[in-house]
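Only one structure is covered here, and it is reproduced in the block below.
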Amino acid sequence: QMSISSAQVLRSSPTLEALQWATDVASSDEPEVGPTPARIDAEEWQSLTSSEVRPYLDRLMLSRRPDAGLDALLEVGFLDAWLPEISAMVGFGDGEWRHKDVWKHTKQVVWQSVPRLNVRWGALLHDIGKLKTRSVGDNGDVHFFGHSEVGAVLGLSNARGARLIDAPVMMISGGGIGHVIDDVALNLALYREAGASVRLIMPNKLIAEKRERTLHYLAMAAQPHGV
């Protein structure tokens, strides 16, 4: 009598078949890969264990087109069930938001990043804090103040991501003085704790008539930190 192996049982699962399909999509150069599986409800997805799911996700993330694979995970309902912070990015930033689509941007960053697991997972999570920190200034500019700190709570901070890939950091700050100095000091502490190297602070959106004064005080604040 032949027994059914655990691998055979897993292959018969609609959830893992859907994960395999998404992985195949990410690995293929073809626009379509087989029939698209039906969308699976969250309860069925959540019946899986991390040890069952993780090998598929890691293979997908290291594939030639992880961006297509991520869209496939979205289509079958996996992201809503397992990574709701990621699925919440979809459509965020389009049209009325007056900002680039965070989901499209994130997929592009993942696809263009070095195909190492820590790098690509960091790329996937690098902007999840934006959804909780969006604000619009009086002039209509969209801001995400503190999104890296919020992202650190939700998943992976920019500081840890920089350390994982041993990349120097250029920090983009606002154009004010007081709150900008506080924000820079907070971020510098996070980067230092993670062991990442901040090489440059670049003030953004300076008011022309206040430019010299602003740069003077920001330079004074940065000097003790060796930046």
Side-chain angles (χ1 to χ4, degrees), residues 4-97 99-132 134 144 147 151 154-156 158 160-161 164-165:
I4 299 175
S5 70
S6 59
Q8 289 172 314
V9 172
L10 290 179
R11 279 197 292 273
S12 68
S13 163
T15 48
L16 294 190
E17 287 177 359
L19 283 178
Q20 182 61 56
W21 171 77
T23 302
D24 292 343
V25 169
S27 303
S28 176
D29 291 325
E30 299 298 324
E32 295 185 9
V33 179
T36 303
R39 186 176 177 86
I40 298 170
D41 63 37
E43 185 175 356
E44 191 169 353
W45 276 121
Q46 290 165 357
S47 68
L48 296 177
T49 65
S50 297
S51 60
E52 290 173 314
V53 168
R54 185 62 186 267
Y56 291 94
L57 296 186
D58 285 348
R59 285 201 297 273
L60 185 152
M61 293 294 280
L62 291 177
S63 296
R64 291 168 57 100
R65 291 304 304 265
D67 53 328
L70 289 167
D71 274 333
L73 291 178
L74 177 68
E75 191 168 355
V76 296
F78 176 83
L79 293 184
D80 288 338
W82 272 77
L83 297 168
E85 298 88 355
I86 302 299
S87 65
M89 294 180 186
V90 178
F92 185 84
D94 255 344
E96 63 178 302
W97 296 107
H99 188 74
K100 65 187 176 186
D101 186 301
V102 177
W103 175 237
K104 292 177 182 176
H105 165 70
T106 296
K107 289 186 297 178
Q108 183 178 17
V109 172
V110 173
W111 176 42
Q112 293 179 338
S113 64
V114 177
R116 298 205 317 255
L117 271 180
N118 54 3
V119 177
R120 287 200 162 168
W121 276 106
L124 181 64
L125 298 171
H126 84 282
D127 264 352
I128 59 175
K130 283 190 171 180
L131 280 72
K132 301 292 186 182
R134 179 185 177 278
F144 299 97
H147 82 272
L154 294 174
L156 182 70
N158 289 341
R160 185 162 174 245
L164 285 172
I165 63 175

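Computation of the quantities below employed the complete heavy-atom set of this structure, encompassing side-chain atoms and omitting hydrogens, waters and symmetry-equivalent molecules.
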Checking Glu52 side chain against Thr49 main chain: does a donor-acceptor pair fall under 3.5 Å? yes
Check Val90 against Trp103 and note the closest heavy-atom contact, atom names and distance. CA-CB, 3.6 Å
For the student: nearest non-hydrogen atoms of Ala26 and Gly69, plus distance: CB-CA, 3.8 Å
Could you tell me which non-hydrogen atom of Ile86 sits nearest to which non-hydrogen atom of Leu79, and how far apart they are? CG2-CD1, 4.3 Å
Minimum heavy-atom separation for Arg120 to Trp111, with atom names? NH2-O, 3.3 Å
Does some side-chain heavy atom of Phe78 sit less than 4.5 Å from a side-chain heavy atom of Thr15? no
Mark yes when over 12 heavy atoms from residues, nucleotides or ligands other than Arg39 sit less than 6.0 Å from its CZ; otherwise mark no. yes
Measuring from atom OG of Ser13 to atom CD of Gln20, what distance do you get when rounded to the nearest 0.5 angstrom? 12.0 Å
Do other residues, nucleotides or ligands put more than 12 heavy atoms under 6.0 Å from the CD atom of Gln112? yes
How long is the gap from CD on Gln46 to CD1 on Ile40, to the nearest 0.5 Å? 12.5 Å
Shortest non-hydrogen contact between Pro55 and Ser50, atoms and distance: CD-O, 4.5 Å
Look up atom CG in Leu117 and atom CZ in Arg59, then write down how far apart they are to the nearest 0.5 Å. 11.5 Å
Please round to the nearest 0.5 Å and tell me the distance separating atom CD of Glu17 and atom OH of Tyr56. 9.0 Å
Note: Leu48 and Trp82 closest approach over all heavy atoms is O-CZ2, 3.4 Å
Side chains of Trp45 and Asp80: closer than 4.5 Å at any heavy-atom pair? no
Heavy-atom side-chain proximity of Leu70 to Leu74 below 4.5 angstrom: no
Main chain of Val25, side chain of Ser28: is a donor-acceptor contact present, judged purely on distance under 3.5 Å? no
List the steps, then state whether side chain to side chain contact (heavy atoms under 4.5 Å, CB included) holds for Leu73 with Leu83. CA-CA 10 Å; Leu73 291 178; Leu83 297 168; over 6 Å; no
